Amino acid sequence: MGRRRGDRAGRGKQSGWHKPLPAGRGAVIAAAFGWGSYVAQVAEVTCDAKTAPLRMERMVCAIDCGTAINPLSVKAQMEGAINFWLERKP
């Protein structure tokens, strides 16, 4: 199994991708390759139909970067990327 395919399959299982969600809640999956690493993320969001803002309820992230010399640095990099996404202006 290729690295990217394995990464997405793992995130799908861990995130509960195939489970039904309550009304007003949805999930999206994203996968990317960059600088020799594969990344997959699943975001679960809620949308209030009356006020229309989106709220992220949960994020599951996985990275396959090969051998990590400093795993805490890899974790911090992924958490930082999620924070940049959350802070974006709509």
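All values reported here derive from a predicted model rather than from experimental measurement.
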Could you list the residues that satisfy salt bridge (Lys or Arg N to Asp or Glu O under 4.0 Å) with Arg25, not counting sequence neighbours? Glu44, Glu57
Which donor-acceptor pairs under 3.5 Å do the side chains of residues 67-75 make with protein atoms, sequence neighbours left out?
| unit_1 | atom_1 | unit_2 | atom_2 | d |
| --- | --- | --- | --- | --- |
| Asn70 | OD1 | Leu72 | N | 3.2 |
| Asn70 | OD1 | Ser73 | N | 3.4 |

If you compare all heavy atoms of Cys47 against all heavy atoms of Leu54, which two are closest, and at what distance to 0.1 Å? CB-CD2, 3.6 Å
Approximate separation, where rounding is to 0.5 Å, of Met78 CE and Ser37 OG: 7.5 Å
